[in-house]
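Single-structure report; data block below.
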Amino acid sequence: MARGIARAASFGGRATAAGWFSYRRITVAVCLANLVAALLVLRSLTSFAPAPKRVEVVQYTEEQIRRVEESIRIRREAEPVELVQAVKKLRKVFAREEKRRKELPLELKLRVSYELVGRLNGLGDNGSAIQQREALESWRVETLKEAKSASTQNSSNLGLSSEEARLLKRALEFNWHALLEDIGLWISPEIPHTEHDDKPENEPEEEIIAGPPLHPQCNTELHADYGGAAVRWGLTHHKESAADCCQACLDQARNAKPGELKCNIWVYCPSEFGCYSPDKYEHKHQECWLKQADQPKLNFKDKYSESYRDSHPRAPVVVPWMSGVTSA
C-alpha cells in the first residue's frame, strides 16, 4: 500500500509540473519578453534623439526696415512700365491679327496662284520687278472689289461661294503679303541705284600706287618712261613696290664707289600684266630699272601717239611705266 501511495504522489507531481510549463504559457512568456525588449529599444532610440531647435525670432531695427522698404520702392520704380504696356498692346494686336487670319481652302489657294502666275506670264520674260509688283497689285485691287461685291450681294463672278468670297476678301485686304508667302510667290525688291558724280570738272583722277608711300626725293611720275644709261638691269632686278625701287636708286647713289655711275633715275613696272617696251625683251611686273643721265629725258609720257601705235601694233594706249628723277 505504501508503494501505491508513492506512485500516486509521483504521478501528481509530474502533472503539476506539466501544467505550469504548457505551450500556451510558454508562448505568452515569449511574447511578453519580446514586448519588453521592444519597449527598451524604443526608449533607447528616443533618448538619443536630438532635441528640437528653438526658433529664434529675428528682430529688425527701424533702420533696416526702412532700407528694405526703400529697396522695394526702387525696384518697383525701375520696372519698365511703358515697355510692359507696349508688349501687352502688341500681344493684343497679334491676337487680333491671328483671329483675322484664317487659312484659305487649298482649292482657293490654287486658283489664286494660277491667276497670279497667269498675270505675271502676261508680262513676258523682260518684265522688271516693279512691273511684276504693279501687275500683282492691280490683280489684288480688281479681285478685292469683286470679292466685296460678292460678299454683299451673295453672288460672285469668280465662281466662289459667299464664305469663300468673305475669306478671300479678308486675305486680300489684311493679309496680302502672308497670302503671297503661303502660295510661295516672292518678288525680289528692286533697289534704285543712282551714281552721283560730285567730282569737280577737269580734276585728274587719282591713281592708287601699291605699296608704302614714296619719298619726296623720288619725284614720282605716273605713266612716264625715262631714258638713260643702265646702272642696274631691270630684267633681273625686281622690287616689291615703287617705293622700294626708288629707295634702291637712292641707296646705290649713296654707296657708289668712285668712278661708278650714280643712279638718279628709277623706272618701275607696276602692272601685273607686264609693261610694254619697243625692245625685244618681255618686261614683267615689278621690274626696277636704275639709270643715270646728266640731262634726264622722257622717252614716253602719258599715252603713246597714234602714229607710234600704227608703227608698233603691240603698243598700248597708256604708258604703263612709272618713274622719277631723284633729287640730291
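- Within the structure, the salt bridge (charged side-chain N to carboxylate O under 4.0 Å, His left out) test picks out the following pairs touching residues 292-302 (sequence neighbours left out): E221-K301.
- A243 approaches P213 most closely through the heavy-atom pair CB-O, 3.9 Å.
- Among all heavy-atom pairs drawn from A293 and G227, the shortest one is CB-O, 4.3 Å.
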Do any side-chain atoms of residues 134-141 form donor-acceptor pairs under 3.5 angstrom with protein atoms, and if so which ones, sequence neighbours left out?
residue	atom	partner	partner atom	Å
E137	OE1	R140	NE	3.3
E137	OE2	R140	NE	3.3
E137	OE2	R140	NH2	2.8
S138	OG	E142	OE2	3.4
W139	NE1	E115	OE1	2.9
W139	NE1	T143	OG1	3.4
R140	NH1	L172	O	2.7

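- Apart from V325 itself, the hydrophobic cluster it occupies contains Y226, W233, L235, I265, V267, Y276, Y281, W289, L298, F300, Y304, Y308, V319, W321, where clustering links Ile, Leu, Val, Met, Phe, Trp and Tyr at side-chain heavy-atom distances under 4.5 Å.
- A donor-acceptor contact shorter than 3.5 Å is absent between the side chain of Q292 and the backbone of A229.
- Taking a 4.5 Å side-chain heavy-atom cut-off between Ile, Leu, Val, Met, Phe, Trp and Tyr, the cluster of L40 extends to V36.
- Within the structure, the salt bridge (charged side-chain N to carboxylate O under 4.0 Å, His left out) test picks out no pair touching residues 227-245 (sequence neighbours left out).
- Disulfide check for C288/C269 fails, with the SG atoms at least 2.5 Å apart.
- Scanning for side chain to side chain contact (heavy atoms under 4.5 Å, CB included) contacts around R75 gives S71, I72, with sequence neighbours left out.
- Summarising the local packing, CD of E62 is surrounded by 12 or fewer heavy atoms from other residues, nucleotides or ligands at distances under 6.0 Å.
- The hydrophobic cluster containing I209, built from Ile/Leu/Val/Met/Phe/Trp/Tyr side-chain heavy atoms closer than 4.5 Å, also comprises L214, L222, V231, L261, W266, Y268, L290, M322.
- A search for salt bridge (Lys or Arg N to Asp or Glu O under 4.0 Å) contacts involving R66 returns E63, E70, not counting sequence neighbours.
- Environment of CZ in R314: sparse, with no more than 12 heavy atoms of neighbouring residues, nucleotides or ligands closer than 6.0 Å.
- Among all heavy-atom pairs drawn from H237 and A248, the shortest one is CE1-CB, 4.1 Å.
- In terms of the salt bridge (Lys or Arg N to Asp or Glu O under 4.0 Å) criterion, residue partners of D251 (sequence neighbours excluded) are, by chain and number, R254.
- The shortest non-hydrogen separation linking P320 to P270 is O-CD, 3.3 Å.
- Note that OG of S277 is 12.0 Å distant from CD of E282, once rounded to the nearest 0.5 Å.
- Nearest heavy-atom pair across Q252 and C263 is OE1-N, 2.8 Å.
- Remark: side-chain polar atoms of H215 are paired, donor with acceptor, to backbone N or O of Q217 under 3.5 angstrom.
- Judged as a salt bridge (Lys or Arg N to Asp or Glu O under 4.0 Å), and not counting sequence neighbours, E79 has no contacts.
- Side-chain contact check for K92 versus K89: every heavy-atom pair is 4.5 Å or farther apart.
- Every residue two or more places apart in sequence or in another chain that forms a side chain to side chain contact (heavy atoms under 4.5 Å, CB included) with V117 is listed here: N121.
- Panel note: side chain S323, backbone A224; a donor-acceptor pair is recorded below 3.5 Å.
- Other members of the hydrophobic cluster containing V318, listed by chain and number, are V317; membership follows side-chain contacts under 4.5 Å among ILVMFWY residues, whether direct or relayed.
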